[in-house]
Structure formats: C-alpha cells, structure tokens
Amino acid sequence: TQLRASQRIERLLNDSPDMFIVLGTENDITFASPSTASLLGPAPTSIDDLLACASEGDRAILDEHVAATGQRAGSAFFELTDTTGATGWFELRVSDITDYELVRGHVVTARDITREVRLRDDLVRQAGTDMLTGLPNRRALDPTLDRAEHALTPGAHVAFLSLDLDGFKEINDTMGHHAGDDLLVQIARRLDRAIQPGQTLLRLGGDEFAVIIESTSGAADARSVAEHLRNVLAAPFRVGPRVEPLRTSIGVAVTADPAHVGALVIEADIAMYQAKRAGGDGIAVFEPEMEQAATATSRVARALRAADYDAEFHLEYQPIVTVDATRTVGYEALLRWNSPM
C-alpha cells in the first residue's frame with residue numbers, strides 16, 4: 001500500500017508543470033521532479049544549485065526564505081536564471097513535512113510565473129502609454145515627476161513645460177478627426193526627436209503635450225528649451241492636401257524645491273494660458289502674480305455662474321454725443337453687475 005501511494009505521488013509530481021524539490025536534513029536534494037531540469041539542470045544535488053539561480057543580491061534572501069520553513073506562511077517571488085541563461089520569475093513556497101514518512105524533508109515548490117509577470121508589466125506599460133502617439137500619457141505623469149523629484153540634486157532645478165497647439169480645433173473641425181490624429185502623430189514624432197536625455201515628453205490629452213526636464217540650471221535654461229521646441233513646431237506640417245503652419249503656446253514652471261515639484265503642472269498651465277491671452281504662439285514663465293490673477297478670474301467666473309441675473313444685473317444707457325457735446329447721436333447700453341462677492 002505504501003509503495004502504491006509512493007508511486008501515485010511520484011506520478012503526480014512528474015506530470016506537474018510546477019517544480020518540486022525535496023531537501024534532506026543536510027540541505028541535499030533527495031528528490032527533484034523532472035520539470036526542475038529546465039531550471040537546475042538534470043541532476044541537482046544541493047540547495048546551492050537553487051541558490052546559484054538567483055542574483056547575487058537576492059541569494060541571501062532566497063536562502064533565508066528556504067531556511068524559514070514553518071516560521072513564515074505564504075510564498076515569495078524571485079527572479080531566477082536557468083541553466084541556459086534565460087531569466088524568469090518564480091513563486092517559491094516551502095513546506096515542512098519531515099514527519100511524513102514518504103518524504104521526510106522540506107518540500108520547495110517553484111511555479112513559473114514569468115508569463116503572468118510579463119503580462120502584468122505589459123498592461124502597466126500600456127496603461128501609461130498614449131495609444132495614438134506611443135508617448136507616455138497622463139497616467140505616467142505622477143511617476144515621472146516622482147522620479148524627477150527624487151533625482152533632484154542641490155543647485156539643480158526641475159522644469160515642467162506645458163505645450164498647447166493654437167488653432168488645432170480648427171483643423172479637427174474643417175478636416176476631420178482622422179486628419180487631426182495624423183497631425184498629432186507628426187507633432188509627437190517631431191518633438192520626440194527634439195528632446196534631449198533627461199527630458200521626458202508626454203501627451204496629456206487632446207492637443208496638450210508636456211516636457212519634464214529633470215535637471216536644469218533655472219528658468220532661463222528651461223525657457224531656451226521651450227524656444228527650441230516652439231521653433232521645431234514652427235515648420236509647417238502636411239495634413240492631407242494642405243500644408244498647415246502651427247502656433248504653439250508654452251508655459252514654463254521651474255523649482256529647486258523637491259517638495260514643490262508636484263505643483264509645477266498647475267503653474268505651467270497657468271503660464272501657458274497667460275501666453276495664450278497674450279496672443280498665442282509665445283512662451284510665458286510662471287510668476288506668482290499669474291496665480292493670483294488666475295484665482296481672481298476663476299472666482300469671478302464662479303460668481304457669474306451662481307449669480308441671480310434678475311437681482312444682480314441691470315442695464316444703464318450712456319449717451320454718445322458729438323465732439324462739441326451739442327448733439328446726442330446714440331446710446332451705449334451697459335450691463336452693470338452688483339455682485340455680493
């Protein structure tokens with residue numbers, strides 16, 4: 001009966017894609033399922049054969065995990081290199097069954113999860129990639145800013161450039177979204193060729209692009225990068241049968257304070273809208289008074305949306321007279337707003 005049970009267990013182990021290794025009291029391998037040959041070779045002899053598959057930095061962690069049998073529940077994940085030099089991810093679980101007569105050892109179960117890890121990594125990468133242009137998208141914005149924040153060195157600055165295409169909506173409206181998409185792809189390629197190491201180009205959505213400069217000497221240097229990018233986009237683009245010139249408004253925000261890096265996105269947007277209000281096709285570097293003006297404008301806009309038009313607004317008529325003020329030639333109607341704000 002015991003022999004039949006042993007044969008049944010061995011048959012099950014031999015047919016499993018998971019790897020089973022039995023370690024004896026001296027950490028020698030007393031049993032290895034056939035599937036372990038792809039990782040450890042055809043005749044592994046000791047725990048050292050398994051440890052050798054891990055990188056030097058993970059070897060001690062793997063050894064500790066295997067040695068902690070009975071003290072720690074759950075499994076651990078390791079990147080291991082097989083006998084052919086191929087690297088993959090494995091989930092390792094250790095069970096203490098020294099009391100079981102047919103085993104009398106510690107069983108290490110290794111499951112190859114390389115495919116799942118790569119699929120997960122692909123999904124994460126796709127989630128952070130703009131499907132039209134292939135550039136990092138808004139989901140990649142925070143991780144990129146975090147990287148720039150942690151890489152910031154004393155005396156250096158992080159800069160954020162917000163780029164918005166003036167008149168892009170007109171191209172979409174007159175030529176259709178396919179033409180607009182084609183133009184966005186051309187813009188992305190041209191910008192991608194123009195950026196330098198240490199600079200990250202993103203498409204945030206629509207016709208909004210951004211560039212994060214991880215290390216710059218200050219606002220003047222960041223502005224020169226913005227000038228270069230604006231000049232790169234100034235050359236006309238061919239869209240279908242037409243050749244379209246582009247105007248680009250760019251807002252620039254800079255900081256040397258790691259704690260302030262996250263605020264650069266809003267500041268660069270404020271500066272970009274300042275460039276648009278100045279006529280477009282220009283560059284504006286953020287100044288604190290811009291935020292005050294933007295806040296005031298926003299406050300007025302909110303008050304207008306909430307206003308009681310019947311109670312707060314009234315018309316007044318102002319006469320228009322001749323130069324010598326002897327004759328009234330018309331009236332100008334003025335809408336007055338008595339706001340409680």
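Here the structure is a predicted model, which is why all the values come from computation and not from measurement. Starting from 1, each residue takes its place in the sequence as its number.
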Between side-chain atoms of residues 190-207 and protein atoms elsewhere (two or more places apart, or another chain), which donor-acceptor pairs fall under 3.5 Å?
unit_1 : atom_1 : unit_2 : atom_2 : d
Arg190 : NH1    : Val232 : O      : 3.1
Arg190 : NH1    : Ala235 : O      : 2.7
Arg190 : NH2    : Pro236 : O      : 3.4
Gln196 : NE2    : Ala194 : O      : 3.3
Gln199 : OE1    : Gln196 : N      : 3.0
Arg203 : NE     : Gly206 : O      : 3.1
Arg203 : NH1    : Asp130 : OD1    : 3.1
Arg203 : NH1    : Asp130 : OD2    : 3.2
Arg203 : NH2    : Gly206 : O      : 3.0

Does anything in [range] form a salt bridge (Lys or Arg N to Asp or Glu O under 4.0 Å)? List the pairs, not counting sequence neighbours.
{"range": "residues 30-51", "result": "none"}
{"range": "residues 226-235", "result": "Glu227-Arg230, Arg230-Asp281"}
{"range": "residues 248-262", "result": "none"}
{"range": "residues 138-148", "result": "Arg147-Glu214"}

Looking at residues at least two apart in the chain, or sitting in another chain, which of them share a salt bridge (charged side-chain N to carboxylate O under 4.0 Å, His left out) with [X]?
{"X": "Arg336", "value": "Glu316"}
{"X": "Glu91", "value": "Arg111"}
{"X": "Arg242", "value": "Glu244"}
{"X": "Asp324", "value": "none"}

Flag if over 12 foreign heavy atoms under 6.0 Å of OH, Tyr273: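 Open: at most 12 neighbouring heavy atoms sit under 6.0 Å from OH of Tyr273.
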Quick one: hydrophobic cluster around Ile320, which other residues, with the 4.5 Å side-chain cut-off, linked directly or via members? Val329
For residues 313-332, which residue pairs pass the ring-ring contact (aromatic ring centres under 6.0 Å, His included) check, not counting sequence neighbours? Tyr309-Phe313, Phe313-Trp337
Name all residues meeting the side-chain contact (heavy atoms from CB on, under 4.5 Å) criterion together with Glu26; count only those two or more places apart in sequence or in a different chain, and write none if there are none. Asp28
